[in-house]
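Notes for the one structure printed next.
What you see below is based on every heavy atom in this structure, not just the backbone, and it leaves out hydrogens, waters and symmetry mates.
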Amino acid sequence: MKYVVGSAWPYVQTVPHLGNMIGSVLSADVYARYLRLRGHDVVFISGSDMHGTPIEVEAIQLGVSPHEYAERMHKIVAELFKRWDISFDLYTHTHTDTHVKFVQEFYRKVYENNYIFHKEEEIPYCPNDGIYLPDRFVVGKCPHCGYERARGDQCENCGRLLDPRQLVEPKCAICNGAPIWRLTRHWYLDLKKLEDKVREYVEKNPHLPPAAREMSLAMLREGLKPRAVTRDNKWGIPAPFPGAEDKTIYVWFEAVLGYISAVIELTTSRGDSEGWKKYWTEQDTRIVFFVGKDNVPFHVVILPALLIAAGGYTMPTTTASTEFLMYEGDKFSKSRRWGIWIDEALQLLPPDYWRFVLIYIRPENRDANFTWTAALEIINKVMNDDVGNYVNRVLTLAKRHVGGVPPEGSPTELEIDFWSRVYKLFKDAERYYDAIELKNALHAVVEIAREGNRYLNARAPWDLYKRNVEEANAVLHYAYRSLKLLAAGLAPITPRVVEKLWSAMGQTTQLTWEEAQRPPTPGAPLGDVKPLFRKISEEEARELLRRLEEIRAKKSTAKYPWEQVIL
RNA sequence: AGCGGGGUAGGCCAGCCUGGUAGGCCGCGGGGCUCAUAACCCCGAGGUCCCCGGUUCAAAUCCGGGCCCCGCUACCA
């Protein structure tokens, strides 16, 4: 089966934090790695979302061009993903020639198919900064409660939705100057016209997670309203509509098309400029997106609507979303410096540790809370004591008593029972991976090690070797086979460690999901047996955090955001 | 306000769709083992499954009402 795995395109204004990571990029990577292990044809892509008002504004404030700003941040984020062992086939960005050209052609088609219309409206404009202001960039006194710093879209104090025109004494959020209202023309996507087809897509799609489905159907019940696809920004992709020469495409509406343009870029770079069609126009492709829950409507409703409007594309199979991750009981917040960002994380622990912990607590049904107490518990108790120590027990015993991969010996009913239990857990993990319930998959895999620990205690091969070598061999043989299952089950999550494990097991073939289930070659020599993980004491964690604070303090004085990143 | 999610032992969470003696991990008390990363295994204590009402022989699980927490609400990525 062919798969396109896409993770939400990170906005390059800042480096992602752990919550962003688990929602999109890391989850997508785990799934993509799993699919590859199963032998599927996988294209795993994403890229930086380079355009948009916040970047334009911030660049202007810093006195650099938006292009330079975005380009620098993109390079850093791409490098960080590499260090997190994210196995992108391509991590690109939205300012490539391929993307720009594709987006323009795409919207030309949508236009020709009569899904675009334009109308005039008055938009706040800041004469000082020379830009049109999004609602949030206009602040002023709330007409309802008198709160002074109400934003143009909503008052934080009383929670009421606002229109920037309602604000008393409106000001530009950037320079505090008074905005003026200017008549401008915008081009709209006629979502109303697409509503029935989108509803059919959502209703007939058996793969969508219930929550995403509900949210989308609720939106459809209310009725889709036309949405402007153009903006007056300079930093963006020029709109291809007649008369829209000075407009750009709204970032939301072009970044999502990156899922297609990135595949084009990828296959083209492999010398096959038409190869992308295999993935995006043929029906036997599964297209799966990974996003945080805030992103669901866009991927389940708007992007499918766009694909229908342009015509000729394969419809996305599903969108796997997560709830949010909190940090020590509170929302991640850049301004309050609350949370851990992905550059900082790597200063504290190796990527496999983070990957394991984050997947272990992945917010699948509800918001989850990252706490250091819990993280250390998972690292020390689960990763080390349950998994790492089990591996070490089996391999040490095998090395000592057999000197290689244990032969099948004379298995008793106990061995067969054990094998059927761990094999069932492996199949559970498989089912969970298939359903993109990554947290449950990992929990099932960990259970293999727990089962193994129980088994070793019950069978006590160290003792059995004194009485019945054949039977003792059988115990180690099946324990060894459980390690193969464990390796495959963990491979998508902790790829680096599994590589070490696989070679410690003396395996020379490529690890695949199939291979993991086959019996090993008895007598094959084992590799170096060393603990897979190590524990992190509370004191060490405290020390690491203290050092992080120091680095943060030093970095926060840097002028440019890309200088604040810890590499 | 509307929409979505959630309220299960001291902590974190699974179970809820497909009703039937309330599970797991950590922590705590006791024991076992000694191959292993002072690890592992067993036993035990600890719960009005937010509240009220309904359906049912039977409800954490289905239905109605209420209270509390969180997120989203589409020109924020």
Side-chain angles (χ1 to χ4, degrees), chain A residues 8-14 16 20 24 48-49 51-55 121 123 132-137 151-154 159-161 164 186 191 210-212 214-215 217-219 221-222 224-225 227-233 250-253 255-256 291-298 301-302 323-324 326 331 360-361 363-369 371 373-374 376-378 380-401 439-440 443 446-447 449-450 452-458 460-465 476 479 529-535:
Chain A
W9 289 47
Y11 196 54
V12 279
Q13 194 187 3
T14 56
N20 304 137
S24 55
S48 300
D49 181 0
H51 302 130
T53 309
I55 286 172
E121 61 186 328
I123 301 270
Y132 284 91
L133 300 168
D135 290 357
R136 285 206 177 182
F137 280 75
R151 293 182 320 218
D153 57 342
Q154 184 170 27
R160 276 180 236 249
L161 298 179
H186 278 298
L191 282 163
E214 272 314 303
M215 234 187 263
L217 287 175
M219 231 174 117
R221 269 197 301 276
E222 277 175 41
L224 300 180
K225 297 174 198 121
R227 287 192 66 181
V229 298
T230 53
R231 288 292 181 278
D232 287 301
N233 297 358
Y250 177 32
V251 284
W252 262 111
F253 279 87
V256 283
V291 303
K293 68 175 165 185
D294 51 328
N295 246 327
V296 168
F298 231 87
V301 176
I302 310 285
E323 305 293 305
F324 286 134
M326 319 268 273
K331 277 176 73 171
Y360 200 84
I361 63 171
E364 293 185 357
N365 295 325
R366 56 170 99 174
D367 290 353
N369 188 15
T371 65
T373 316
L376 291 182
E377 187 183 304
I378 292 164
N380 294 333
K381 299 283 176 188
V382 182
M383 254 173 61
N384 280 279
D385 292 348
D386 288 340
V387 178
N389 182 44
Y390 175 58
V391 168
N392 206 38
R393 293 175 84 182
V394 175
L395 292 182
T396 314
L397 285 165
K399 202 151 204 176
R400 181 169 313 147
H401 295 284
K439 172 182 171 176
N440 287 339
H443 283 253
V446 165
E447 208 49 50
R450 294 202 172 117
N453 276 321
R454 268 191 288 276
Y455 176 62
L456 285 188
N457 279 42
W462 52 90
D463 197 38
L464 199 53
Y465 266 109
L476 289 192
V529 176
K530 270 185 288 192
L532 294 181
F533 310 100
R534 68 181 191 83
K535 299 194 188 192

Quiz item: If you check the A/Leu397 side chain, which of B/C35, B/A36, B/U37 turns out closest?
Solution: B/C35

Practice problem: Mind checking A/Asp386 for me? I need base, sugar-phosphate or nothing, with any heavy atom below 4.0 Å counting as a touch. | Solution: sugar-phosphate

Quiz item: With sugar-phosphate meaning primed atoms plus P, OP1 and OP2, does A/Arg400 contact a base, only sugar-phosphate, or nothing at under 4.0 Å between heavy atoms?
Solution: sugar-phosphate

Please write out the pairs of protein N or O atoms and N or O atoms of nucleotides 4-6 of chain B separated by less than 3.5 Å, giving the distance to one decimal.
{"unit_1": "B/G5", "atom_1": "O2'", "unit_2": "A/Asn365", "atom_2": "O", "d": "3.3"}

Quiz item: Is any side-chain N or O of A/Glu121 under 3.5 Å from a base N or O of B/C75, one able to act as donor and the other as acceptor?
Solution: yes

Quiz item: Touch check for A/Leu395, heavy atoms < 4.0 angstrom, all strands: base, sugar-phosphate only, or nothing?
Solution: nothing

Quiz item: In whole angstroms, how far is the C1' atom of B/G10 from the CD atom of A/Glu377?
Solution: 13 Å

Quiz item: Where the side chain of A/Ile123 is defined as all heavy atoms beyond and including C-beta, which of B/C35, B/U37, B/C75 is the nearest nucleotide?
Solution: B/C75

Exercise. Assign A/Pro54 to base, sugar-phosphate, or nothing according to its heavy-atom contacts below 4.0 angstrom with the strands shown.
Key: sugar-phosphate

Exercise. Tell me what A/Tyr390 touches on the nucleic acid: a base, only sugar-phosphate, or nothing, going by heavy atoms under 4.0 Å.
Key: nothing

Self-check item: C1' spacing across the pair B/G5 / B/C16, given as an integer number of angstrom
Solution: 14 Å

Exercise. Assign A/Asn389 to base, sugar-phosphate, or nothing according to its heavy-atom contacts below 4.0 angstrom with the strands shown.
Key: base

Exercise. Report the residues that fulfil ring-ring contact (aromatic ring centres under 6.0 Å, His included) with A/Tyr455, sequence neighbours left out, ordered by chain and then residue number.
Key: A/Phe418

Quiz item: Should A/Lys535 be listed as having a side-chain N or O under 4.0 Å from OP1 or OP2 of B/A38?
Solution: no

Self-check item: Set of side-chain contact (heavy atoms from CB on, under 4.5 Å) partners for A/Lys225, sequence neighbours left out
Solution: none

Practice problem: Identify, with sequence neighbours excluded, every residue that meets side-chain contact (heavy atoms from CB on, under 4.5 Å) alongside A/Tyr360. | Solution: A/Phe356, A/Ile378, A/Val382, A/Leu442, A/His443, A/Val446, A/Arg450

Quiz item: Do A/Asn453 and B/C41 share a donor-acceptor pair, side chain to base, under 3.5 Å?
Solution: no

Exercise. Name the orientation class of the two ring planes belonging to A/His401 and A/Tyr465 (parallel below 30°, tilted from 30 to 60°, perpendicular beyond 60°).
Key: parallel

Quiz prompt | Whichever of A/Ile361 and A/Leu191 has its nearest RNA chain B nucleotide further upstream toward 5' | solution = A/Ile361

Exercise. Compare the minimum distances between each of B/C33, B/G71, B/C41 and the side chain of A/Trp462, then state the nucleotide with the smallest one.
Key: B/C33

Exercise. Return the minimal non-hydrogen interatomic distance between A/Ala479 and A/Leu456, and the atom names on each side.
Key: CB-CD2, 4.4 Å

Exercise. Classify the nucleic acid contact of A/Asp385 as base, sugar-phosphate or nothing, counting any heavy atom under 4.0 Å across all strands shown.
Key: sugar-phosphate

Quiz item: Which listed nucleotide (B/C25, B/G32, B/U37) is nearest to the side chain of A/Arg450?
Solution: B/C25

Exercise. Please list, chain by chain and in numerical order, all residues satisfying salt bridge (charged side-chain N to carboxylate O under 4.0 Å, His left out) with A/Arg454, sequence neighbours excluded.
Key: A/Glu447, A/Glu451

Quiz item: Any donor-acceptor pair under 3.5 Å between the side chain of A/Arg231 and the base of B/C75?
Solution: yes

Self-check item: Qualifying residues under side-chain contact (heavy atoms from CB on, under 4.5 Å), relative to A/Asn233, sequence neighbours excluded
Solution: A/Thr53, A/Glu56, A/Arg231, A/Thr248

Exercise. Classify the nucleic acid contact of A/Lys530 as base, sugar-phosphate or nothing, counting any heavy atom under 4.0 Å across all strands shown.
Key: nothing

